[in-house]
Amino acid sequence: MNYSHHSIEKKWRAMWQKNKVYEPNLKNAKRPFYNLMMFPYPSAEGLHVGNMYAFVGSDIYGRFQRMRGNDVFEPIGLDGFGIHSENYAIKANAHPMKLAVKTEKRFYEQLSSIGNGFAWNERLETYDPEYYKWTQWLFLQIWKRGLAYRKKALVNWCSSCATVLADEQVIGGMCERCDSEIIKKELEQWFFSVTKYAEKLLENIDGLDWSEKVKIAQRNWIGKSEGAEIDFKIVGSKERITVFTTRPDTIFGATYVVVSPEHSCVENSKDQILNYNEVQKYATEARKKSEADRIREDGEKTGVLLKGIKAMNPASGEQILIFVADYVLSGYGTGAIMAVPAHDQRDFRFAKKFDLPITMVICPHYPEPTCPILDDAYSGEGHLVASGKFNGMKSEEARGILTSFVGGRKKTTYRIRDWLISRQRYWGPPIPMIHCERCGWVPVSEKNLPVKLPFVKKFRSEGGGKSPLGMVPAFYAVKCPRCKGVAKRETDVSDTFLDSAWYFFRYLDVKNKKAPFEKGRTKKWLPVHMYIGGAEHSVLHLLYTRFITMVLKDSGLIDFEEPFAKFHAHGLLIKDGAKMSKSKGNVVNPDEYIKKYGADAFRMYLMFLGPFTEGGDFRDSGIVGITRFLNRVWGFVVKNHGLGSRNQESMEVLEGKIHHAIKKITEDIENLRYNTAISALMILLNAFEDCPSVVSVEHIKNFLKLLAPFAPFISEELWSMVGGKKSTTIHHGGWPDYEERFLQRDMFTLIIQINGKVRDQFEVSSHDSQKKIETMVLSRDKIKQLLVGKVVQRIIFVPGRLINIVLSA
RNA sequence: GCCGAGGUGGCGAAAUUGGCAGACGCACUAGCUUUAGGAGCUAGCGCCGCAAGGCAUGCGGGUUCAACUCCCGCCCUCGGCACCA
């Protein structure tokens, strides 16, 4: 007996909407539970099956919490500003502002078709002026706290597209869109001082209930390393080069110094450097070098000797050479290093290429008198050699001692950089700053927000580091808010990641015109109880969001500093063993599946094909198994719900199975193991079908409740059938509890092993003693035969499971 | 190179603290049912073997009465970061 998914989906979607089934009272909810899923970028032709997968997985968790009596808030919106959407508009040859209207409609239709319990009244779009007004406000708060500043920086530049790109759009050194090489270009940019929060961002990680994988990724990205700053004097000059090192114990082995192409010592010692032109040429070219070139070089080092100047090793007093090389990065540490080729692989390769001395100062086999000749750097620990009076000292101990010996300072460095926030693009919130010749940078007054993004026909970046808005005098020609003199509005827009760094605050108060959010609500609903999203965002988005939350805390606007109590990344859906992509032609269109099989079947199939946190392989063939299952559920309930239980004898066995399923499914949902929860539902249905006369209405009700998070439509329809006209929605119907007493079994199947191999099995009572069981086992014909002529050495008995007879050899 | 995850039938995958390897589903085979197509129902289904039995969780060792699970050494796949001193 098949059911018509079309009619019941339509019916219940309307009923849920009408009865506000998924709209919690944001102001007065008693048991708030914020169930958040990362909102999508509406950048493609529509929602990808991968997005659907993620949303369904998040929704099941939300529905489960709602049935447990929580006031679940599951909002939805669109991360519609930004390069993704803009690129799609360019490709579709449409204006992003006009296209947004269309994609919005399309996305929301698709999102409503999957049957999620979204709070539709609270939806938001980041390109809505009512939203980005507050994104701009947020920028001003950050500015006010002295955490926004401008500086020159090397940014990714695609000359073919004539635009800067975000780091995440540079794939293997190539432009994500046109696949041409990316070069670095120096432009003055806006930054947020994320590094000022580096220690707090790192420290708090320990207390988060996140998957360990993501926590490790965050720690690595922050990249704390402890070491020392040490000055190397330039011989015959007042100048000095300060280096950062994590291995001050190797300082006697520092046989040269390397500075980055941007380092100030090149300019400062201009007159002493004999080959200044050559050096400058190298520095310019290194800067122009594309990412792709760097990858091609594959560790091959380049550099130029600074002729005419030398540095002094402060430990040994030796005069050593100075190089400029692009393997030293200007953005990390001091932009200069002491090179210890014996104990650092990069320095080793450079030294080999330029034929520089390699002095081993850490010996792994001390006190052996000789150290091996190295074919690669040794970066482990050991004892100091060739280090004057420090010989024989353990390398770990020598770090601090040698640092003070050469007058160095202990120093902690972080790998994380400040957040480059400005984009020379059109489709984003204009940065709310005004530049005045006399007053410098002046913020737009909060009461004048939003700085509206004007409709501009020529929205494509033309290049030269100039934004599209830079061509629109009507936009940028303004008076200085402070002195009323001639001034110019900032024409860059902010990064998409800023839009998405605070959206979960706004969901709580989307209609608030006076403030971005209200303290009572944030206190009630935040931090987010459960956050689910893609693993690709486990570094940047989560880090930026944490940073913004910390800033809001320090501004006194909220009273917590971590936004997400719990975060779990969902897995990746693949098809035919490969990531879905248009170029491979293996993209699955979710709409067709929903139309053909129904949202319930589609949801369940997606969740059944593998563990949610690990993803899985999407095959067309698999969904029919779920369709069969749902049809059988339908047929069974329709046929049996009016009959009631007619056989008390086998009732107990069935009760045990139901309670076992409740326990299993409850625990599985809590741990996002939806695939095994669904299989438990199938097992339970099989048990029902084996003895329909034992199944009561209560049993059916419990079954439907367990099914409800996965298949919300069919379970609601059958619920109304079972419960009659007066029944309220199953989705507020309460989650079934299991009772331990039903899980206990009087009999169990004992496995009999001989030397660890299964030979026999039979039913025994759980209350029988080991001795009694042993006697029963040894008197079984099959076992007796197998033991003829053998000596039993020992017997291992595992209660409730097995017995293993060990024979002597 | 570094970090992380993983490797189990024809396929997607299961397997509390070590305790029946392959649950559940797909595909397949046989039978029933159906005018046919489709669907449904019943049974079977890791590999070799007529059977008894043997062999099986990437490869090689080890611990144990017992190893997918723990330990040591390799190989491969996927994801992330990538000259971070």
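Proteins get letters first, then strands, A, B, ... in listed order; numbering begins at 1 in each. Hydrogens, waters and symmetry mates are skipped; everything else that's a heavy atom, side chains included, is used.
For A:K215 and A:D209, the salt-bridge test fails: no basic side-chain N is under 4.0 Å from an acidic carboxylate O. The residues A:E667 and A:R673 are annotated as not salt-bridged, no charged nitrogen and carboxylate oxygen being separated by less than 4.0 angstrom. For A:D231 and A:R409, the salt-bridge test passes: some basic side-chain N is under 4.0 Å from an acidic carboxylate O. By the 4.0 Å N-to-carboxylate-O rule, A:E226 lies too far from A:R399 to be salt-bridged with it.
The pairing partner recorded for B:G46 is B:C55, the criterion being a Watson-Crick or G-U wobble arrangement whose two distances lie under 3.5 angstrom. The partner of B:G40 is B:C32, judged by Watson-Crick or G-U wobble contacts that both fall below 3.5 Å. Under the Watson-Crick and G-U wobble criteria, each requiring two contacts below 3.5 Å, nucleotide B:U77 is paired to B:A5. Across all strands shown, nothing is found opposite B:C83 as a Watson-Crick or G-U wobble partner with both distances under 3.5 Å. B:C68 makes up no base pair with any nucleotide shown, lacking Watson-Crick or G-U wobble contacts both under 3.5 Å. B:C20 is unpaired under the criterion used here, namely a Watson-Crick or G-U wobble arrangement in which both key atom distances are under 3.5 Å. In this entry B:A14 has no Watson-Crick or G-U wobble partner, no candidate having both defining distances under 3.5 Å.
Distances were taken from every side-chain heavy atom of A:N220 (C-beta onward) to each of B:G19, B:C3, B:C55; the shortest belongs to B:C3. Candidate nucleotides B:C55, B:G19, B:G12 were compared by shortest atom distance to the side chain of A:L609, and B:G12 ranks first. Distance from the side chain of A:M682 is smallest to B:C24 among B:G19, B:C65, B:C24. Residue A:S225 has its side chain nearest to B:A85 when only B:A85, B:A82, B:G19 are considered. Here B:C65 is the nucleotide among B:C81, B:C65, B:G25 with the atom lying nearest to any side-chain atom of A:N804. Minimum atom distance to the side chain of A:R632 is reached by B:G25, of the listed B:C20, B:C65, B:G25. Picking from B:A13, B:C55, B:G19 the nucleotide with the shortest atom distance to the side chain of A:L802 gives B:G19. The side chain of A:W221 has B:C81 as its nearest neighbour among B:C24, B:G19, B:C81. The side chain of A:V806 lies closest to B:C65 when the candidates are B:C65, B:G25, B:C3. Side-chain proximity of A:I796 to B:G19, B:C55, B:G25: nearest is B:G19.
Between A:I678 atom CD1 and B:G12 atom C1' there is a gap of 13 Å when expressed in whole angstrom units. B:C81 atom P lies 12 Å from atom NE2 of A:H537, rounded to whole Å. When rounded to the nearest whole Å, the span between OH of A:Y674 and P of B:A23 equals 25 Å. Taking atom NZ of A:K782 as the reference point, atom C1' of B:C20 lies 13 Å away to the nearest angstrom. Between the CG atom of A:L606 and the C1' atom of B:A13 there is a distance of 16 Å, given to the nearest Å. If you measure from atom CD of A:E536 to atom C1' of B:C81, you get 15 Å, rounded to the nearest angstrom. Atoms CZ (A:F618) and P (B:C11) sit 20 Å apart, rounded to a whole Å. The separation between A:R417 atom CZ and B:C83 atom C1' is 12 Å, rounded to whole Å.
Distance noted for atom C1' between B:G22 and B:C11: 13 Å (whole Å). Using atom C1' as the reference point in both B:A51 and B:G61, the two lie 35 Å apart (nearest Å). Using C1' as the reference atom, B:G6 and B:A13 are 14 Å apart when rounded to the nearest Å. Taking atom P in both B:G49 and B:G1, one finds a spacing of 44 Å when rounded to whole Å. Nucleotides B:C81 and B:C74, compared at atom P, are 27 Å apart to the nearest Å. B:A82 and B:G12: their P atoms are spaced 32 Å apart (whole Å). Comparing the C1' positions of B:U57 and B:A15 gives an interatomic distance of 11 Å, to the nearest angstrom. Taking the C1' atom of each, B:C71 and B:G53 are spaced 33 Å apart, rounded to whole Å.
Aromatic ring pairs are classed by plane angle as parallel below 30°, tilted from 30° to 60° and perpendicular above 60°; the pair A:H537 and A:H541 is perpendicular. The aromatic rings of A:F612 and A:Y674 are tilted relative to each other, their planes meeting at an angle between 30° and 60°.
When all heavy atoms are compared, the tightest approach of A:F710 to A:I665 is CE1-CG2, 4.4 Å.
Contact between the side-chain N/O atoms of A:R628 and the OP1/OP2 oxygens of B:C26 is found at a separation under 4.0 Å. Regarding contacts with the backbone of B:A85, every side-chain N or O of A:Y327 stays at 4.0 angstrom or more from both OP1 and OP2. Here A:N755 does not reach the OP1 or OP2 of B:A66: none of its side-chain N or O atoms lies under 4.0 Å away. Here A:T676 does not reach the OP1 or OP2 of B:A23: none of its side-chain N or O atoms lies under 4.0 Å away. Side-chain N/O atoms of A:N675 include none lying less than 4.0 angstrom from OP1 or OP2 on B:A23.
Using a 4.0 Å heavy-atom distance criterion, A:V243 is classed as making no nucleic acid contact. Nucleic acid contact for A:Q345: none, since no nucleic acid atom lies under 4.0 Å from a heavy atom of the residue. Residue contacts shown for A:D347 are absent, as no nucleic acid heavy atom lies under 4.0 Å away. A:I751 comes within contact range of at least one nucleobase, with a heavy-atom separation under 4.0 Å. Within the nucleic acid shown, A:R673 has no heavy atom closer than 4.0 Å to any nucleic acid atom.
When each of A:V539 and A:T413 is assigned the nucleotide of RNA chain B bearing its nearest heavy atom, the one mapping closer to the 5' terminus is A:V539.
Between A:W419 and the options A:F497, A:Y544, A:F191, a ring pair (Phe, Tyr, Trp, His ring centres under 6.0 Å) holds for only A:Y544.
When only modelled atom types and interatomic distance are considered, A:S395 and A:E381 share a side-chain donor-acceptor pair under 3.5 Å.
The base of B:C83 sits with one of its N or O atoms less than 3.5 Å from a complementary donor or acceptor on the side chain of A:K301.
Glycosidic conformation at B:G9 (O4'-C1'-N9-C4 for purines, O4'-C1'-N1-C2 for pyrimidines): syn, within 90° of 0.
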